[in-house]
Amino acid sequence: MRFSSLETSYGARALSVSDVSVTFGALAAISEVSLSVERSRILGLIGPNGAGKTTLVNCLTGFLKPTSGAILLGDSETARWNAKEFRRAGISRTFQAGRLFKEMSVLENVEVTAIALGGTHRQSRAHALEILGWIGLGDKTAAAAGALPYTDERRVGLARALVGRPAFVLMDEPAAGMSDHECEALIDVIRQVPELFGCGVLLIEHNMHLVMNICHQIHVLDGGRTLAEGTPNEIKANKDVISAYLGDD
């Protein structure tokens, strides 16, 4: 099973950060960070609160301009792009707050995103129904988004990010507030995304069970700087990461 696409295919095989720094006055939120998100792979981005994770995602999606360094989509420099241009180039994201259209139905929330990406009304509705069925909301398409439980709001946000089958999806704490059972279901969903949608995933998450179970690589930030990068097993054994973030358990 692979999902139909409103866009054809995106050619870039990697979304890269090269020596990116972000400063707000005298505060350095990110300092000379480099990483690469590859198609069909899941990269975890972890670190303590205030480490710079969401700031980096904002740079990768056009919501914030780096003070220095470069964001590259394949070989293309993105310095002049705004958030809309990032989305049309195949880079999508979820938000910690759902940002749903509360008065619209679940189906309309996903459908309108597909239309904004250039799909016809018929294409967009079919694609939205397809994704909502897969993500477990097929029986709630007519429900008002504002009446959904919190975890279902997160699923709608993920469906909106995936509509149009983007090249890269950046997920900002998708498991926040979920129970262990709900988190297990989310693990199953996210694990399927690279294969079914043909995209790369950057995952910001504090739930280490989720991160260690689905990520191919993990990048650790601390104080806005790269602390470590490696496979889940390498990160779990890294003494600096244990000391700064994971803890002895």
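In this text the structure is predicted, and so the values were computed from the model without any measurement.
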So, using salt bridge (charged side-chain N to carboxylate O under 4.0 Å, His left out) as the criterion, who are the partners of E111 when residues are at least two apart?
R125
When you group the ILVMFWY residues by side-chain heavy-atom contacts below 4.5 Å and let the links chain together, are V189 and L129 in the same group?
yes
Any E234 side-chain heavy atom under 4.5 Å of N238 side chain
no
Residue pair V156, L148: steps toward the side-chain contact (heavy atoms from CB on, under 4.5 Å) verdict
CA-CA 10 Å; V156 176; L148 291 175; 3.6 Å; yes
Identify whether I187 and I135 are in the same connected component of the hydrophobic contact network (ILVMFWY, side-chain heavy atoms under 4.5 Å).
yes
Please assess S243 against D240 for the test side-chain contact (heavy atoms from CB on, under 4.5 Å), listing each intermediate value before the final yes or no.
CA-CA 5 Å; S243 174; D240 291 335; 5.8 Å; no
Kindly indicate whether the side chain of P232, heavy atoms from C-beta on, has any atom under 4.5 Å from the side chain of I218.
yes
Validation row: H121, S124 side chains within 4.5 angstrom (heavy atoms):
no
Evaluate the criterion salt bridge (Lys or Arg N to Asp or Glu O under 4.0 Å) for residue pair K53 and E205; output intermediate values, then yes/no.
CA-CA 9 Å; K53 303 183 298 295; E205 188 51 64; over 6 Å; no
With hydrophobic residues grouped by side-chain heavy-atom distances under 4.5 Å, do L132 and F101 end up in a single group?
no
Can you give me the closest heavy-atom contact between E229 and I235, atom names plus distance?
C-CD1, 4.0 Å
Could you give the distance from CD1 (I91) to CG (L15), rounded to the nearest 0.5 Å?
4.5 Å
So, do I42 and P194 sit near enough that their side-chain heavy atoms are less than 4.5 Å apart?
yes
Is it true that M178 and L203 fall in one hydrophobic cluster, defined by side-chain heavy atoms closer than 4.5 Å?
yes
Polar side-chain atom of E108 near backbone of S105 as donor-acceptor pair, under 3.5 Å:
yes
So, H209 versus D180: side-chain donor-acceptor pair below 3.5 Å or not?
no
To the nearest 0.5 Å, what is the distance between CG (L186) and CG (N207)?
9.0 Å
CZ-CZ distance between R41 and R39, expressed to the nearest 0.5 angstrom:
14.5 Å
Just by distance, do the side chain of K65 and the backbone of C59 share a donor-acceptor pair under 3.5 Å?
no
Hey, is CD on E32 packed in by over 12 heavy atoms from elsewhere, all under 6.0 Å?
no
Test side-chain contact (heavy atoms from CB on, under 4.5 Å) on I30 and S21; report intermediate values, then the result.
CA-CA 5 Å; I30 297 175; S21 295; 5.6 Å; no
Exam field: side chain T23 to backbone A28, donor-acceptor pair closer than 3.5 Å
no
For A161 versus S92, what's the shortest heavy-atom pair and its separation?
O-OG, 2.7 Å
So, for I71 and P66, which heavy atoms are closest and what is the spacing to 0.1 Å?
CG1-CG, 4.1 Å
Hey, does the side chain of T78 reach the backbone of W81 with a donor-acceptor pair shorter than 3.5 angstrom?
no
Check whether NZ of the Lys or CZ of the Arg R93 lies under 6.0 Å from the centre of the six-membered ring of F63 and within 45 degrees of that ring's axis.
yes
What are the two closest heavy atoms between L64 and F24, and how far apart are they?
CD2-CZ, 4.0 Å
Is it the case that H216 and T231 place a side-chain donor and acceptor less than 3.5 Å from each other?
no
V20 vs V22 side-chain heavy atoms within contact, under 4.5 Å:
yes
So does D188 have more than 12 non-hydrogen atoms from other groups sitting under 6.0 Å from CG?
yes
Any side-chain heavy atom of H219 sitting closer than 4.5 Å to one from T226?
yes
Within a strict 4.5 Å, meaning less than it, do heavy atoms of the S34 and V17 side chains meet?
no
Output the distance between atom CZ (R87) and atom OG1 (T113), rounded to the nearest 0.5 Å.
7.5 Å
Rounded to the nearest 0.5 angstrom, the CZ-OG distance for F197 and S40 is 12.5 Å
Kindly work out whether a path of hydrophobic side-chain contacts (I/L/V/M/F/W/Y, heavy atoms less than 4.5 Å apart) joins L60 to L72.
no
Give a yes or no on this: more than 12 heavy atoms of other residues, nucleotides or ligands lie within 6.0 Å of atom CZ of R191.
yes
Please table the atom pairs, donor to acceptor, closer than 3.5 Å between any side-chain atom in residues 169-176 and protein atoms at least two apart or in another chain.
residue: D172; atom: OD1; partner: Q96; partner atom: NE2; Å: 3.2
residue: D172; atom: OD2; partner: T54; partner atom: OG1; Å: 3.1
residue: D172; atom: OD2; partner: Q96; partner atom: NE2; Å: 3.4

Would you mind reporting whether V211 and H206 have side-chain heavy atoms less than 4.5 Å apart?
no
Find the distance between CG (N109) and CG (L100) and round it off to the nearest 0.5 Å.
5.0 Å
Apply side-chain contact (heavy atoms from CB on, under 4.5 Å) to the pair L196 and W134, showing each step before the final yes or no.
CA-CA 10 Å; L196 295 183; W134 166 75; 3.4 Å; yes
Of the non-hydrogen atoms in V37 and F168, which two are nearest, and what is the gap between them?
O-CE2, 3.3 Å
For a quick test of reading the model, state the closest non-hydrogen atom pair linking L35 to L56 and the distance between them.
CD2-CD2, 3.6 Å
